[in-house]
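Structure record follows, encoded as structure tokens.
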Number of protein chains: 2
Amino acid sequence: MAVSVEMTGGRAVGEAMCPHRLIMEHVTSRWGVLVLIELLDRPYRFSELRRAIGQVRQVSEKMLAQTLQTLERDGLVHRDAKPVIPPRVDYSLTDLGREAAEQVRGLALWATDRMGRVLEAREEYDAAKARAGTAGAL
Amino acid sequence: MAVSVEMTGGRAVGEAMCPHRLIMEHVTSRWGVLVLIELLDRPYRFSELRRAIGQVRQVSEKMLAQTLQTLERDGLVHRDAKPVIPPRVDYSLTDLGREAAEQVRGLALWATDRMGRVLEAREEYDAAKARAGTAGAL
DNA sequence: CGGAATCCTAGCTGATACTG
DNA sequence: CAGTATCAGCTAGGATTCCG
């Protein structure tokens, strides 16, 4: 079988970096963030989770599976596979995962809250850039 | 000049996704995290910052510049370029950036704190995987 | 339905060399 | 020192396909 999914780990895994950085990468990865936040709400089935996340931005089955595996391996997500036909797998947060998710949610809430100011800052920055660009060059 | 650095934005920028996701990507990016945390401590000069981060994991000048620009554009980092020879540029957090950095630091602290448990979980997971693999296949 | 394996592309990322 | 430009590698991520 050899899963060998690494998720932001291909290069990182072999590196001489603090292990906690690795955890960060997993937790703050594009899909890790969304998965954690969704699961903070309640347990989800695979496709259900995919649809829930899809409301924000579509995620491929591959990336969702990969993300879930990484988070499960880190002990943040619990995978409950029921041996039924058709297959049914429920994902939920572990206690550890809940802690992580809270942190991530804090960050997400901050981002949502400050979005306006960031957007303003961007416009200001771009405007200043444009001025500097047209003034000096061309 | 056309800098056109996007940092996790090439694909994301044009997407139909919530803007706050964009901020998240910037803040939680590989180098964004480290920059914010370092700057939370005190202002840094470019190379100084590079060395400080390098203690953890080497960052190229390009990526550091790119990261700083992105964060500056988002209004999280303040760039103070002194018109002297040799050039001297100081980077510091804005109020907004400090808020972000606090959040990120919280996450980092959590990761550091729970590292042991995550590592345990990983070994357990890998061991279980190995058993399942050798039992069924081959 | 829940995944795994494969193939493919975009773009992040880094090393190097150059400018002010 | 503080970047920028260019080139090249590698990987994340997506689409597709097949299996249990």
Side-chain angles (χ1 to χ4, degrees), chain A residues 1-15 17 25-26 28-35 43-51 53-54 57-70 72 77 79-91 129 132-133 136-137, chain B residues 1-15 17 25-26 28-32 34 43-51 53-54 57-70 72 77 79-91 129 132-133 136-137:
Chain A
M1 76 178 38
V3 177
S4 86
V5 271
E6 280 309 332
M7 180 167 141
T8 88
R11 171 181 55 269
V13 162
E15 297 292 336
M17 60 192 279
E25 305 265 327
H26 294 172
T28 65
S29 72
R30 181 169 349 263
W31 306 118
V33 172
L34 297 179
V35 165
Y44 274 90
R45 296 183 57 183
F46 186 85
S47 295
E48 197 182 21
L49 185 53
R50 184 155 181 246
R51 278 188 296 273
I53 290 178
R57 188 180 190 299
Q58 191 52 31
V59 55
S60 64
E61 295 173 11
K62 175 189 169 185
M63 291 316 299
L64 181 55
Q66 192 169 308
T67 301
L68 285 168
Q69 281 171 28
T70 304
E72 187 196 355
V77 162
R79 179 175 184 275
D80 183 20
K82 276 133 186 149
V84 297
I85 303 293
R88 177 192 177 94
V89 183
D90 286 280
Y91 290 94
K129 263 308 197 225
Chain B
M1 67 174 46
V3 176
S4 86
V5 271
E6 281 308 333
M7 182 165 139
T8 86
R11 169 183 55 270
V13 163
E15 296 292 336
M17 60 190 282
E25 304 267 328
H26 294 171
T28 65
S29 71
R30 182 172 346 267
W31 305 118
L34 297 179
Y44 274 90
R45 298 181 57 180
F46 187 86
S47 294
E48 197 183 21
L49 185 55
R50 186 160 179 242
R51 278 189 295 273
I53 290 179
R57 186 179 190 303
Q58 190 52 30
V59 55
S60 64
E61 295 173 11
K62 176 189 170 185
M63 291 316 300
L64 181 55
Q66 193 168 307
T67 301
L68 285 169
Q69 282 172 28
T70 303
E72 186 196 357
V77 161
R79 179 175 184 275
D80 184 20
K82 277 133 186 147
V84 298
I85 303 293
R88 177 191 177 95
V89 183
D90 285 282
Y91 290 94
K129 264 306 197 223

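Remember, predicted model here, so these are calculated numbers, not experimental data. So you know, we letter chains A, B, ... as the sequences are listed, proteins then strands, and number each from 1. Both backbone and side-chain heavy atoms feed into the values below; hydrogens, waters and symmetry mates do not.
Rounded to an integer number of Å, the gap from E61(A) CD to dA4(C) P is 11 Å. If you measure from atom CD of E48(A) to atom P of dG2(C), you get 8 Å, rounded to the nearest angstrom. The nearest whole Å value for the distance from the CZ atom in R51(B) to the P atom in dC1(D) is 7 Å. Atom CH2 in W31(A) sits roughly 15 Å away from atom P in dA12(D) (whole-Å rounding). Protein atom OH of Y91(A) is 3 Å distant from nucleotide atom P of dG3(C), rounded to whole Å. Between F46(A) atom CZ and dG20(D) atom P the separation is 18 Å, expressed in whole Å. Atom CG of L34(A) is separated from atom C1' of dG13(D) by 14 Å (rounded to the nearest Å). Atoms CD (Q66(A)) and C1' (dT11(D)) sit 10 Å apart, rounded to a whole Å.
Across all their heavy atoms, K82(A) and D80(A) have their closest contact at NZ-OD2, 3.3 Å. Across D90(B) and R88(B), no two heavy atoms sit closer than the pair OD2-NE, 3.1 Å. Considering all non-hydrogen atoms of both residues, E48(B) and R45(B) come closest at OE1-N, 2.7 Å.
The side-chain contact (heavy atoms from CB on, under 4.5 Å) test applied to V59(B) returns W31(B), R50(B), I53(B), M63(B), L64(B), not counting sequence neighbours. The salt bridge (charged side-chain N to carboxylate O under 4.0 Å, His left out) check on R79(A) picks up nothing, with sequence neighbours excluded.
The bend of the helix from dC1(C)-dG20(D) to dG20(C)-dC1(D), defined by the angle between the axes of its first five and last five pairs, stands at 40° to the nearest 10°.
Contact annotation: S47(A) reaches the phosphate of dG2(C) (side-chain N/O to OP1 or OP2, under 4.0 Å). Of the side-chain N and O atoms in Q58(A), none sit less than 4.0 angstrom from OP1 or OP2 of dG13(D). An OP1 or OP2 oxygen of dG2(C) is reached within less than 4.0 angstrom by a side-chain nitrogen or oxygen of R45(A). In this model, the phosphate group of dC12(C) is not approached by any side-chain N or O of R30(B) to a distance below 4.0 Å at OP1 or OP2.
Of the two residues contacting DNA chain C, namely R79(A) and K62(A), the nearest-nucleotide position lying further toward the 5' end is that of R79(A). Residue whose closest nucleotide on DNA chain D sits further toward the 5' end, between P86(A) and P87(B): P87(B).
At least one side-chain heavy atom of F46(A) sits under 4.5 Å from a side-chain heavy atom of L68(A).
The CD atom of E61(B) sits 13.0 Å away from atom CD of Q66(B), with the distance rounded to the nearest 0.5 Å.
When each of dG3(C), dA2(D), dT4(D) is scored by its nearest atom to the side-chain atoms of A65(B), the top-ranked nucleotide is dT4(D).
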